[in-house]
Amino acid sequence: MSELIELKNLGLQAADMVDVENGRVKKELYSDPAIFAEELDLVFNKTWVYVGHESEVPEAGSFKTSYIGRHPVILSRDRKMNLHVLQNRCRHRGATVCEARKGKTKAFTCPYHGWGYGLDGSLRALPKPEEYEGVFDKDEMPLESLKWDSYQGMVFATFNKDIEPLADFLGGAKKWIDLFMKQGGGYPVKVLGEHRFNFPGNWKIQLENTTDAYHFPIVHKSFVSSLDEATADIFDFLDGEGFVEDLGNGHSVMVMIPELIDLEADLDQPIPERFNELAQALRDEGKSEDEVKKLVRAAHGTGFNLNLFPNVSCSMAFFRVLRPVSVGETEIQHVALGGEGAPAAFNQKRMRLHEHFQGPMGFGTPDDGEAWERVQKGSMSGTDGWILVNRGMTKLRTSVDGNPQGAVCSETGMRGAYRQYKKVMAAGEEK
């Protein structure tokens, strides 16, 4: 009986391993399989989770597969152009009905027994239907739909039917999502491509990373050395005027380059010489000088990383999506972004910049991956211990929006994420 009680209280135990007031978390949060299983239920199954961008399903019949925690789901657009988020599981014997990452189709067909479903999830056809007479009606057996909503084209879904509205959950992050989407340069932001990789570490290691500027000059020294002098100076930001702000509900923003918060501000400034090639290519495509300035500014991304709890970040110029695979393995999806209908030179520049840092052969991703792996390995050492997230705790101020804010190298965002983690883990077990 005591073992059963202990299992039921795992969420509370995990919550107790988060000591936000003293800026530390127990290392077991990275390595305990039982806690990981509880996280899948209390964090991922009960929270708004990012599943894709509307631009990835642009036409009737478009779809992409995604995950909520370890649940496979399908984001689809039906013939009436309505979006759906469907469980990727046949209602008959449970096989997935779609294995492609994305594409276009007229229907989803189970490969096991041939049950066919519409893009809205409705059961359209099945072999030997007469055998089901008096057993069930086809209308009663669609693919199960999830609750979903979108903001600025970002689609979130949840298994929690009683969850707060997405707009309320995003809260103070909406302002920063709006600013991030200005990098379309006047065109709607769209997904240009993606690449995925797995690293041998817990999902929370990556959650911490996106608002961690402290590691940048150490881990990304090779990236900085690959830049021209003017750009390298911009990335020397630890002693600058940047900041990290806790936006509530686990979300945070890390502003590294304050002058690039609003990409549509100060467009009357001359175009820096290092961007002359792109500017001329845009002029050659017939763009006016005002458009050229706007596109050149937008092409290089924002000056901040926005972390949205629990699984997606709007990171300077791309989306980074995490998916928990196991307690010691996480899939990362790096999503390159451009402009729908934007000039070819603009989208090409966006892709080249993405490849330079985030791409599989870029300067940033391999170095980050090694650091994350070493955190996981180190967390296995010893029988007891704490991981510190207390940098800048005594130097907080209040932002213009009334939120806790620290220096750009502070760990304010990490503490905000763990505060939300502690809340949902405890609340789930108390019900």
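- Residues passing the salt bridge (charged side-chain N to carboxylate O under 4.0 Å, His left out) test with Arg391, sequence neighbours excluded: none.
- Under the 6.0 Å distance and 45° angle rule, Lys26 counts as a cation-pi partner of Trp386.
- The side chain to side chain contact (heavy atoms under 4.5 Å, CB included) with Glu245 is formed by just one residue from the set Thr412, Asp401, Val255; it is Asp401.
- Residues satisfying the side chain to side chain contact (heavy atoms under 4.5 Å, CB included) test with Arg196, not counting sequence neighbours, are Arg101, Glu194, Glu331, Gln333.
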Please report, to 0.1 Å, the donor-acceptor pairs under 3.5 Å made by any side chain of residues 260-270, with sequence neighbours excluded.
unit_1 : atom_1 : unit_2 : atom_2 : d
Asp262 : OD1    : Lys182 : NZ     : 2.9
Asp262 : OD1    : Glu264 : N      : 3.0
Asp262 : OD2    : Lys182 : NZ     : 3.3

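- Although no hydrogens or angles enter the test, the distance criterion places no donor-acceptor pair under 3.5 Å between the side chain of Ser313 and the main chain of Thr210.
- The main-chain N or O of Cys98 is found under 3.5 Å from a side-chain atom of Asn88 such that the two form a donor-acceptor pair.
- Residues passing the side chain to side chain contact (heavy atoms under 4.5 Å, CB included) test with Asp212, sequence neighbours excluded: Tyr214, His215, Met414.
- Of the residues Arg24, Arg415, Lys422, the one that meets the salt bridge (charged side-chain N to carboxylate O under 4.0 Å, His left out) test with Asp19 is Arg24.
- Checked against a 6.0 Å centroid threshold, the rings of Phe156 and Tyr50 count as neighbours.
- In this model, a donor atom of one side chain and an acceptor atom of the other lie less than 3.5 Å apart for Asn202 and Lys204.
- Of the N and O atoms on the side chains of Glu39 and Trp203, at least one donor lies less than 3.5 Å from an acceptor on the other residue.
- Between His195 and Phe197, the angle of the ring planes stays under 30°, which puts this pair in the parallel group of the 30/60° scheme.
- Using a cut-off of 4.0 Å between Lys/Arg side-chain N and Asp/Glu carboxylate O, Asp246 and Arg419 are scored as salt-bridged.
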For this session: Might you work through the salt bridge (charged side-chain N to carboxylate O under 4.0 Å, His left out) test for Arg283 and Glu289, ending with a clear yes or no?
Result: CA-CA 7 Å; Arg283 294 185 190 106; Glu289 202 59 27; 2.9 Å; yes
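- With salt bridges taken as basic N to acidic carboxylate O contacts below 4.0 Å, none links Arg77 and Glu59.
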Problem set entry | Intermediate values then yes/no, side chain to side chain contact (heavy atoms under 4.5 Å, CB included), Phe63 and Leu75 | CA-CA 6 Å; Phe63 71 87; Leu75 173 63; over 6 Å; no
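- Here the side chain of Ser399 pairs no donor or acceptor atom with the backbone of Gln405 at under 3.5 angstrom.
- With sequence neighbours excluded, the residues that form a side chain to side chain contact (heavy atoms under 4.5 Å, CB included) with Asp178 are Tyr151, Gln152.
- Rounded to the nearest 0.5 angstrom, Glu28 CD and Gln13 CD are separated by 11.0 Å.
- Glu285 contributes a side-chain N or O that, together with a main-chain N or O of Ala345, makes up a donor-acceptor pair within less than 3.5 Å.
- Every residue two or more places apart in sequence or in another chain that forms a side chain to side chain contact (heavy atoms under 4.5 Å, CB included) with His71 is listed here: Asn45, Phe159.
- Salt bridge Asp162/Lys147: absent, no basic N to carboxylate O contact under 4.0 Å.
- Taking the six-membered ring for Trp, Phe318 and His334 have ring centres closer than 6.0 Å.
- Of the N and O atoms on the side chains of Thr158 and Asn160, not one donor lies less than 3.5 Å from an acceptor on the other residue.
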